[in-house]
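All values reported here derive from a predicted model rather than from experimental measurement. Atoms considered below: every heavy atom in the structure, side chains included; atoms not considered: hydrogens, waters and symmetry mates.
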Amino acid sequence: MKILPSLLVTTLAFGLPSLAAAQAQPGPDTLVVGLSADASTFEPGEIRSMDNSNIARLIYTALTRIDAEGNIVPRLATDWTMSDDGTRIEFTIPEGYVCEDGEPLTAEDVAYSWNRAADLENAFAGNTPGFVYTSMAFAGAEVVDDLTVAILSERDTGMGLGFSSQVFIHCKDSFEAMSLDEIARAPVSSGEYRLVEWNIGSGLTLEKWQGEGNFENIVFRVIPEASTRIAELLAGNVDIITNVLPDQSDLINASGVAEVQVVQGLRRMYIGFNQSEIFDGVAGEAVRNEDVRRALQYAVDVPAICSQLLNFECERATGLVNPPNGNPNIEPYPYDPETAERLLDEAGYPRGEDGVRFEITLQSPRGRYLNDANVALAVGAFLTDVGVKTEVELLEWSSVYVPLIREHDAGPLFLLGSGGALWSVLYDMAVMATVESGPNYTDWSDPRWFDRWADIAAAETPEEERAVIDEMLQVFYDYGPWLHMYYQPDFYGVSKRIEWTARRDEHVDLWDVTLAN
């Protein structure tokens with residue numbers, strides 16, 4: 001196994017800040033969560049990151065939710081029925097449910113919420129219009145009666161019911177009276193908690209006003225530096241922290257005041273090849289060449305990155321579907337720089353006199369994912385080793401990187417993680433449901449993939465559908481737009497003051513958290 005460059009390993013060493021710098025410890029009615037990145041918006045149609053969604057999920061309700069085992073269970077809706085052709089789901093909602101503004105929440109509010117996100121005049125670019133609606137072929141929502149709403153799809157994709165957990169319900173009267181900026185910064189709650197304070201870049205406070213939840217207040221503190229998050233956890237100032245550096249687990253576990261929970265997450269980490277025409281020159285040409293993309297798969301030692309930078313042993317991903325739902329006949333690409341060099345030569349990109357084939361830029365967030373900056377630097381070093389001289393740009397997540405991703409302008413290479421699921425193989429594939437899908441940040445348009453969605457819809461048996469899926473996954477492996485990395489493990493620091501269990505899907509559910517003992 002190749003040892004990663006020393007400059008990458010040494011960046012992991014740090015000293016913990018003095019615990020004397022601690023803030024006041026939370027009281028029995030307050031739960032404090034330390035995040036690495038702030039929310040960007042509470043406009044439901046613009047929310048696109050899991051950190052943002054974890055907070056918004058407390059403020060807004062949804063028709064259903066996905067439990068920790070991947071089952072679709074009721075949330076606002078008490079039950080539902082689906083038409084025989086799978087294109088219409090009618091949800092029943094309870095009587096007496098109200099919004100923060102005091103107005104009853106009815107089927108009209110639910111239909112309004114779903115249709116508003118799809119309204120092209122709003123030009124929303126978040127997860128709901130960009131991923132959910134394209135994936136489930138959303139065709140509209142209509143009121144059946146005050147307590148019944150129908151969600152319609154153009155065709156049966158098999159994903160409509162699961163996606164009903166991801167569309168946030170909001171309150172029509174209040175939203176129609178507010179500007180988009182007011183909604184983004186001061187949302188009217190339909191969920192269990194309401195926003196009472198938001199110091200952007202620093203943190204925010206939620207207050208319980210109805211329904212589930214064992215704490216009157218939930219405080220989210222934005223603590224970008226991993227070392228500072230750990231110090232605040234050990235000082236007793238936060239109860240849960242995300243993105244713990246793996247090599248600090250022993251320190252936390254030995255503290256007596258907190259422990260690390262490690263789960264095999266569902267987030268698919270990858271290096272995207274942005275094939276947009278905005279990238280010209282040799283680098284832009286190269287990422288649009290499927291032979292180059294395949295060659296670079298052999299250039300990166302992913303298991304070494306996992307063991308040395310993430311402190312866990314991983315099997316390299318083979319595509320965009322979480323095990324065990326992937327194609328069982330595909331083996332991960334091995335680390336084989338000689339093959340990478342040969343294939344680059346054959347693709348028409350030989351080394352020059354200076355040893356460089358071409359130069360390229362790899363963009364990455366700093367602090368959004370587990371040790372992401374060092375992972376990006378390692379990938380850049382591996383690519384440089386095979387003659388692709390790589391400049392790594394480390395960017396702030398919410399204000400710099402998210403806009404680049406949203407506009408599909410990150411690249412030509414970019415590091416990103418895409419949240420996954422266990423409840424449906426099609427959910428994981430749906431980030432590439434159409435060329436125009438919001439999460440198709442690579443602008444990939446290969447008909448060998450996109451034309452096959454019609455074959456999935458036409459399949460008459462589960463066996464026929466699975467055969468098409470496996471053929472599509474083979475195409476993605478061979479010619480796709482991702483340099484396959486790993487499924488991210490998630491490391492949470494948890495105070496012994498509370499009882500809480502981490503989930504695999506990065507949903508930081510806080511309704512059932514209790515004080516220990």
Are the aromatic ring centres of Trp198 and Phe42 under 6.0 angstrom apart?
yes

The reported gap from CG in Asn322 to CD in Gln264 (rounded to nearest 0.5 angstrom) is 8.0 Å

Below 4.5 Å, heavy atoms only, C-beta onward: do Ile330 and Gln474 meet side chain to side chain?
yes

When rounded to the nearest 0.5 Å, the distance separating CD1 of Ile360 from CZ of Phe279 is 9.0 Å

Assess whether a salt bridge exists between Arg504 and Asp490, defined as any Lys/Arg side-chain N lying under 4.0 Å from an Asp/Glu carboxylate O.
no

Looking at Glu69 and Arg503, is any side-chain nitrogen of the basic one under 4.0 Å from a carboxylate oxygen of the acidic one?
no

What's the spacing between Gln275 CD and Glu277 CD if we round to 0.5 Å?
10.0 Å

Please state whether the rings of Tyr133 and Phe138 are parallel, tilted or perpendicular, taking 30° and 60° as the class boundaries.
parallel

Paired with Asp428, the side-chain contact (heavy atoms from CB on, under 4.5 Å) test is passed by just one of Leu473, Val321, Leu266, namely Val321

Within the structure provided, determine whether Val494 and Asp239 are in side-chain contact (heavy-atom separation under 4.5 Å).
no

Charged N-O contact under 4.0 Å between Glu396 and Arg368:
no

Distance col, row Leu370:CG vs Thr242:OG1, nearest 0.5 angstrom, shows 10.0 Å

Non-hydrogen side-chain atoms of Met269 and Leu415 separated by less than 4.5 Å
yes

Distance col, row Tyr270:OH vs Leu413:CG, nearest 0.5 angstrom, shows 12.0 Å

For the residue pair Trp511 and Tyr193, is the inter-centroid distance of their aromatic rings smaller than 6.0 Å?
no

Can I get a per-line list of side-chain donor-acceptor pairs under 3.5 Å for residues 118-130, giving both atom names and the distance, sequence neighbours left out?
unit_1 : atom_1 : unit_2 : atom_2 : d
Asp119 : OD1    : Glu121 : N      : 2.9
Asn122 : ND2    : Arg116 : O      : 3.0
Asn127 : ND2    : Gln166 : OE1    : 3.0

Show the numbers, then the answer: is there a side-chain contact (heavy atoms from CB on, under 4.5 Å) between Phe491 and Leu310?
CA-CA 10 Å; Phe491 292 72; Leu310 306 180; 5.8 Å; no

Please examine the side chains of Leu426 and Ile469, heavy atoms only from C-beta on, and report whether any two atoms are closer than 4.5 Å.
yes

Testing Val468, Asp470, Val475 one by one against Met472 for a side-chain contact (heavy atoms from CB on, under 4.5 Å), which residue passes?
Val468

Does the side chain of Asn440 reach to within under 4.5 Å of the side chain of Val431, using non-hydrogen atoms?
no

Taking the six-membered ring for Trp and the full ring for Phe, Tyr or His, determine whether the centres of Trp444 and Phe450 are under 6.0 Å apart.
yes

Any ring pair (Phe, Tyr, Trp, His ring centres under 6.0 Å) pairs touching residues 384-412, not counting sequence neighbours?
Tyr369-Trp397, Trp397-Tyr401, His408-Tyr441

Over 60° means perpendicular and under 30° means parallel, so classify the ring planes of Tyr333 and His484, tilted if in between.
parallel

Separation between CD (Gln297) and CE (Met485), nearest 0.5 Å, reads 10.5 Å

Between Phe358 and Tyr349, does the ring centroid distance fall short of 6.0 Å?
yes

